[in-house]
Amino acid sequence: SHRRRFEGLRRAIEACIPKGLRAKILAKDDERLPSLQAFSLSDDGRYIVATWSTDFVSLVDVRRRREVRYYAEGNSSFGPAAISPGGVYVAALGERMCVWEIRTRRLLSAFEIHQSTACIAFAGDGKQIISCGRLSDSDIRAWDFTSMALLWTVEAQAGHFRKSLIAPDGYTMLTSQERADENRLRVWDLAAMADVRVSGHKDKVFGVACSSDGKLAASSAYEDSIQI
């Protein structure tokens, strides 16, 4: 059963490759191909969102094995992407933060956020987007995408956020941040706008995950270790 699930997920991931490029990839064509920028799963496992160095966002319905593309005028490529709880909205960051309704493919909002953003995630009731910056602009910000308003900002020490993840309760966030003096998974209480727990590694943390019931968190590091 695990093998069947893996094969189904693999086929869905392959479906994210823009049409017309698969043959070139298999043939190892030297022509420059769009590169994968970001990749994310919905909380129920139904959707996969992928962004490329192209002017569209790919959303794959895993059950139907169907790809749908989302466009926003003025965006030549997209980076960080996320899917809201329940698979209602999809967001991706290009020249602006863009949010679409998945069912209708309608662009709901497009607005500017950080000068440089490492990762994004939906929080709260699904109408808020959390953005984590990089390098000198490494603050954490919350946005109401319906009004395009900045709700709050938490100042974080300078460093590159590698990953952010919102737990099922909508108000607990897990982050990993690349800093010379820190190799930790941080747990944030978004309601209190503060980090409440940390877990240490011997090397840089690059991956975080959370169980579906929100009781367990996992982090992985370059030292080839996983902590739960």
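All heavy atoms count here, side chains included; hydrogens, waters and symmetry mates do not. Here the structure is a predicted model, which is why all the values come from computation and not from measurement. Just so you know, residue 1 is the first one in the sequence shown, and it goes up from there.
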Does Val62 reach the side chain of Leu41, with side-chain heavy atoms less than 4.5 Å apart?
-> no
In this structure, CH2 of Trp100 is separated from CG of Leu59 (nearest 0.5 Å) by 10.5 Å
Those residues at least two apart in sequence (or on a different chain) that pass side chain to side chain contact (heavy atoms under 4.5 Å, CB included) with Arg106 are Glu101, Thr104, Leu108
#### Entry: Within-4.5 Å side-chain heavy-atom neighbours: Arg141 and Ile113
no
Is there a chain of hydrophobic side chains (I, L, V, M, F, W, Y, each step under 4.5 Å between heavy atoms) that links Tyr171 to Leu150?
-> no
Exactly one candidate in Arg65, Arg69, Arg64 meets side-chain hydrogen bond (donor to acceptor under 3.5 Å, both in side chains) with Glu67; the answer is Arg69
Are the side chains of Pro168 and Asp43 in contact, using a 4.5 Å heavy-atom criterion?
no
To the nearest 0.5 Å, atom CD1 of Ile129 lies from atom CE of Met97 at 4.5 Å
Ion pair check, Arg46 and Asp61, cut-off under 4.0 Å:
yes
Nearest heavy-atom contact between Ala38 and Gly79 is CB-O, 3.2 Å
Here the gap from Ile166 atom CD1 to Gln128 atom CD, rounded to the nearest 0.5 Å, amounts to 9.5 Å
Any heavy-atom pair between the side chains of Lys127 and Phe145 that's under 4.5 Å? yes
d(Tyr70 OH, Thr51 OG1) to nearest 0.5 Å is 14.5 Å
Between Gly170 and Leu190 the two heavy atoms that sit nearest each other are O-CD1, 4.2 Å
| said: Tell me whether the rings of Phe122 and Tyr89 are parallel (<30°), tilted (30 to 60°) or perpendicular (>60°). | reply: parallel
Discussion item. Donor-acceptor check, side chain of Asn75 to backbone of Phe78, threshold 3.5 angstrom: yes or no?
Written reply: no
Rounded to the nearest 0.5 angstrom, the SG-CG distance for Cys98 and Leu93 is 8.0 Å
Flag side-chain contact, heavy atom, 4.5 Å: Ile140 against Ile130: yes
The single option from Thr172, Val154, Leu174 that satisfies side-chain contact (heavy atoms from CB on, under 4.5 Å) with Trp188 is Val154
- Query: Same hydrophobic cluster for Met173 and Trp152, using side-chain heavy-atom links shorter than 4.5 Å among ILVMFWY?
  - Reply: yes
When every non-hydrogen atom of Ile120 is compared with those of Ala91, the smallest separation belongs to CD1-O, 3.9 Å
